[in-house]
Q: 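Got a structure here, written out as structure tokens. Questions coming.
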Amino acid sequence: MFKISNKYKNQRPKDQNIMGFATIAIHSGQEPDPTTGAVTVPIYQTSTYAQDGLGRHKGYEYARTQNPTRTAVEKNIAALEGARFGFAFASGMAAIDATLRLIKAGEHVIVSDNTYGGTARLFTKILANYNIEFDFVDTSDALNVEAAIKPNTKMVFVETPTNPIMTVTDLKAVAEVAHRAGARVVCDNTFMSPYLQRPLEFGVDIVVHSTTKYLNGHSDGIGGMVVLNDETDANWIGFVQNSAGAILSPFDSWLVIRGTKTLALRMEQHDKSGRTVAAFLEEHPKVHKVYYPGSASHPQHALAKRQQRGFGGMVSFDVGSLEAARIVLESVKLCTLAESLGGVETLICHPATMTHASVDPDKRQRLGITDGLVRISVGIEDTDDIVADLDQALKKL
Ligand SMILES: *Cc1c(COP(=O)(O)O)cnc(C)c1O
């Protein structure tokens with residue numbers, strides 16, 4: 001576990017005029033290497049560290065416990081979220097699993113009913129076996145969270161906007177309800193990244209990320225992060241990280257700090273092109289419905305505007321049937337048919353048969369994940385090329 005320097009501690013919007021987001025992204029945790037002056041944090045590819053004598057070392061003993069490249073990414077992303085503590089894990093799922101180790105047998109967790117499929121799978125198929133109780137509710141209405149609270153509720157786990165329907169949860173309202181009941185709030189901020197949404201500012205206690213997506217941003221590494229302010233909980237997450245050992249490797253840590261350096265620029269472009277693609281789809285006669293919090297037609301547009309700095313690059317749209325979706329997905333040339341999101345390249349997928357295939361068909365229908373739904377992670381290629389590719393694919397319908 002580490003403490004970030006006072007310089008970046010409690011970074012909040014009010015002091016952003018002192019240090020802006022892009023500056024923090026490029027410099028926090030990344031002082032030039034003290035031995036050589038290397039501007040880029042080196043990949044410390046080592047398993048152990050020479051000690052000067054018994055009990056005398058430079059703060060590094062064994063690389064599961066500490067690695068300087070991992071420390072750099074942990075400090076960096078904690079600073080970007082305005083958090084005191086950060087911990088890097090081997091994947092987003094490992095980060096979420098470590099966070100759930102704050103919960104003990106006999107305790108209860110409320111979860112957004114439309115989380116990433118892997119999150120629901122971890123909770124219901126694995127953690128439920130250890131006498132942890134989960135209730136899945138529509139957290140877009142804080143009253144649903146309030147109604148689900150029990151005397152043993154210790155955590156509310158939300159994802160906003162949700163995948164792929166882009167439902168927004170009011171973080172401040174949910175935090176108030178949860179805190180009244182003595183429960184922590186965890187937010188999976190993967191879809192927005194700290195550039196577009198900083199959940200701790202709305203009273204959320206813990207933020208988790210799949211760094212695989214926007215934080216890395218180049219579709220070349222799997223990783224996860226947990227950031228938080230509470231020292232007792234941070235000590236426990238650090239203890240779990242070291243004890244269970246699902247750490248981020250030095251090379252993958254390096255890839256993520258390489259990625260966050262351009263996070264501000266990339267998110268600006270994802271957001272700009274996301275808006276353009278959503279507007280194009282809304283006007284298209286073959287598109288039945290568009291799901292994008294940046295659209296004035298989105299039922300929670302006002303909340304998204306208040307809570308987010310932008311709307312990002314994730315857009316879903318319905319073309320009416322499985323057959324129509326198949327034609328679009330098999331006709332695109334620039335967009336790549338693939339799972340995952342948040343990379344520089346535009347990815348397109350079919351939630352019902354790909355990312356959400358494990359969700360039972362009834363629940364899929366209830367959530368709006370129809371057979372005609374297509375999800376696009378708008379990349380940072382030239383916007384005109386992305387729109388032209390979608391246009392030529394939609395013309396086949
Ligand atoms: C991808 C993803 C995860 C899981 O992360 P991995 O790095 O694949 O383990 C969790 N939450 C969200 C929202 C995701 O998109």
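Computed from heavy atoms alone, side chains included, the values below leave out hydrogens, waters and symmetry copies. This one's a predicted model, so the numbers in the text were calculated from it and none came from an experiment.
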Q: Taking all non-hydrogen atoms of both residues into account, name the closest pair between Ile247 and Arg64 and its distance.
A: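 Nearest pair, atom of Ile247 first, then Arg64: CG2-O, 3.5 Å.
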Q: Determine whether His209 and Glu81 satisfy the following criterion, side-chain hydrogen bond (donor to acceptor under 3.5 Å, both in side chains), listing intermediate values before the conclusion.
A: CA-CA 11 Å; His209 276 284; Glu81 286 285 4; 2.7 Å; yes
Q: Give the minimum heavy-atom separation between His301 and Gly294, together with the two atoms involved.
A: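 Here His301 and Gly294 meet closest at CE1-O, 3.2 Å.
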Q: Tell me if a side-chain donor or acceptor on Ser112 pairs with a main-chain N or O of Thr139 at a distance below 3.5 Å.
A: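 Side chain of Ser112 to backbone of Thr139: no pair is present.
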Q: Please report the interatomic distance CG(Leu215) to CG(Asn76), rounded to the nearest 0.5 Å.
A: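 The CG atom of Leu215 sits 9.0 Å away from the CG atom of Asn76.
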Q: Stepwise, does the side-chain hydrogen bond (donor to acceptor under 3.5 Å, both in side chains) test hold for Glu74 with Gln241?
A: CA-CA 12 Å; Glu74 290 175 334; Gln241 183 193 42; 3.0 Å; yes
Q: Would the Phe311 and His298 ring centres measure less than 6.0 Å apart?
A: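 No; His298 has its ring centre 6.0 Å or more from that of Phe311.
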Q: For Glu133, run the salt bridge (charged side-chain N to carboxylate O under 4.0 Å, His left out) check against Lys154, Lys104, Lys150 and tell me which one passes.
A: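 One option only clears the test, and that one is Lys150.
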Q: Is it the case that Asn235 and Thr232 place a side-chain donor and acceptor less than 3.5 Å from each other?
A: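 Absent: no donor and acceptor within the cut-off.
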Q: Could you walk me through whether Asp33 and Thr35 pass side-chain hydrogen bond (donor to acceptor under 3.5 Å, both in side chains), step by step?
A: CA-CA 6 Å; Asp33 181 49; Thr35 49; 2.8 Å; yes
Q: Could you grab the distance from atom CD of Gln300 to atom CG of Asp170, nearest 0.5 Å is fine?
A: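 Those atoms lie 9.0 Å apart.
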Q: What orientation do Tyr49 and Tyr60 show, parallel under 30°, tilted 30 to 60°, or perpendicular over 60°?
A: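 Judged by the thresholds at 30° and 60°, the geometry between Tyr49 and Tyr60 is tilted.
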Q: Determine, stepwise, if the pair Val186 / Val158 fulfils side chain to side chain contact (heavy atoms under 4.5 Å, CB included).
A: CA-CA 6 Å; Val186 181; Val158 302; over 6 Å; no
Q: Verify the neighbour count for atom NZ of Lys272: are there more than 12 heavy atoms of other residues, nucleotides or ligands below 6.0 Å?
A: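 Result for NZ/Lys272: open.
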Q: Has the side chain of Thr346 got a donor or acceptor atom that lies under 3.5 Å from a matching backbone atom of Gly379?
A: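 It does hold such a pair.
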Q: So which heavy atom on Asp138 is nearest to which on Asn144, and how close?
A: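 That would be O-ND2, 2.9 Å.
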Q: Within 45° of the six-membered ring axis of Tyr116 and under 6.0 Å from that ring's centre, is NZ or CZ of Lys213 located there?
A: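 Satisfied, under 6.0 Å and within 45°.
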Q: Is Ile24 linked to Tyr195 within one hydrophobic cluster, defined over Ile, Leu, Val, Met, Phe, Trp and Tyr using a side-chain heavy-atom separation of less than 4.5 Å?
A: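 Ile24 clusters together with Tyr195.
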Q: Group every Ile, Leu, Val, Met, Phe, Trp and Tyr by side-chain heavy-atom contacts under 4.5 Å, then state whether Ile103 and Val111 land in the same group.
A: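 Same cluster: Ile103 reaches Val111 through Ile, Leu, Val, Met, Phe, Trp or Tyr contacts under 4.5 Å.
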Q: Walk me through it: do Glu345 and Ser219 pass the test side-chain hydrogen bond (donor to acceptor under 3.5 Å, both in side chains)?
A: CA-CA 8 Å; Glu345 59 290 287; Ser219 306; 2.7 Å; yes
Q: If you draw a 6.0 Å radius around NZ in Lys396, do more than 12 non-hydrogen atoms from other residues or ligands fall strictly inside?
A: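 Enclosed: over 12 neighbouring heavy atoms sit under 6.0 Å from NZ of Lys396.
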Q: Is it the case that Arg266 places NZ or CZ above or below the six-membered ring of Tyr214, under 6.0 angstrom from the centre and within 45 degrees of the axis?
A: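 The answer is no, since Arg266 fails at least one limit relative to Tyr214.
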Q: Without swapping roles, check the side chain of Lys363 against the backbone of Asp113 for a donor-acceptor pair under 3.5 Å.
A: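 Answer holds: yes.
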Q: Quick one: CD on Glu268 to CG on Leu196, what's the gap to the nearest 0.5 Å?
A: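 Spacing of CD (Glu268) from CG (Leu196) equals 8.0 Å.
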Q: Check Val226 against Ala95 and note the closest heavy-atom contact, atom names and distance.
A: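 Nearest pair, atom of Val226 first, then Ala95: CG2-O, 3.4 Å.
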Q: How are the rings of Phe136 and Phe134 set to each other: parallel, tilted or perpendicular (split at 30° and 60°)?
A: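 Taking Phe134 first and then Phe136, their aromatic rings sit tilted (interplane angle of 30° to 60°).
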Q: Measure the CG-NE2 distance between Leu373 and His350 for me, rounded to the nearest 0.5 Å.
A: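 Spacing of CG (Leu373) from NE2 (His350) equals 7.5 Å.
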Q: Any luck finding a side-chain donor-acceptor pair between Thr212 and Ser210 under 3.5 Å?
A: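 Yes - a donor-acceptor pair under 3.5 Å links their side chains.
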Q: Backbone N or O of Glu61 within a donor-acceptor pair of the Thr48 side chain at under 3.5 Å?
A: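 Indeed, once roles are kept as given, a pair shorter than 3.5 Å links the two residues.
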Q: Do the side-chain N and O atoms of Gln30 and Lys261 include a donor-acceptor pair separated by under 3.5 angstrom?
A: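 A pair is found: one side chain offers a donor N or O, the other an acceptor, under 3.5 Å apart.
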Q: Testing Asn163, Ile348, Val315 one by one against Arg375 for a side chain to side chain contact (heavy atoms under 4.5 Å, CB included), which residue passes?
A: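 Passing option: Asn163.
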Q: Would you confirm whether Thr169, through its side chain, and Leu171, through its main-chain N or O, come within 3.5 Å as a donor-acceptor pair?
A: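 It does not hold such a pair.
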Q: Looking only at atom types and distance, does a side-chain atom of Thr71 sit under 3.5 Å from a main-chain N or O of Asn67, one as donor and one as acceptor?
A: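 Checked: pair present.
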Q: Which atom pair, heavy atoms only, marks the closest approach of Ile237 to Ala98?
A: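 Scanning both residues, the minimum pair turns out to be CD1-O, 3.8 Å.
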Q: Does Val359 belong to the same Ile/Leu/Val/Met/Phe/Trp/Tyr cluster as Phe191, with side-chain heavy atoms less than 4.5 Å apart forming each link?
A: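 The answer is no; the residues belong to distinct hydrophobic clusters.
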Q: Do you see a donor-acceptor pair shorter than 3.5 Å between the side chains of Thr211 and Asn216?
A: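 Checked: Thr211/Asn216 side chains show no N/O donor-acceptor pair below 3.5 Å.
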Q: Any sub-3.5 Å donor-acceptor pair from His57's side-chain atoms to Gly59's backbone N or O?
A: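 Indeed, once roles are kept as given, a pair shorter than 3.5 Å links the two residues.
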Q: Could you report the tightest heavy-atom contact between Val137 and Ile110, atom names first, then the distance?
A: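 Minimum heavy-atom contact is CG2-CG2, 3.7 Å.
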Q: Find the distance between CG (Asp135) and NE2 (His108) and round it off to the nearest 0.5 Å.
A: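 One finds 3.5 Å between CG of Asp135 and NE2 of His108.
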Q: Quick one: pull up CE in Met192 and CZ in Arg198 and give me the separation to the nearest 0.5 Å.
A: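 Rounded to the nearest 0.5 Å, the CE-CZ separation comes to 15.0 Å.
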Q: Would a distance-only check, ignoring hydrogens and angles, find a side-chain to backbone donor-acceptor pair under 3.5 Å from Asp382 to Asp385?
A: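 Looks like no, no N/O pair under 3.5 Å.
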Q: More than 12 heavy atoms of other residues, nucleotides or ligands under 6.0 Å from NZ of Lys58: is that the case?
A: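 Not more than 12 within 6.0 Å, no.
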Q: Could you tell me whether Tyr291 and Phe317 have their ring centroids closer than 6.0 angstrom?
A: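 Ring-ring flag for Tyr291/Phe317: false, centres at least 6.0 Å apart.
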Q: Under the side chain to side chain contact (heavy atoms under 4.5 Å, CB included) criterion, do Glu201 and Lys172 qualify, and how do the steps go?
A: CA-CA 9 Å; Glu201 289 168 6; Lys172 189 161 174 277; over 6 Å; no
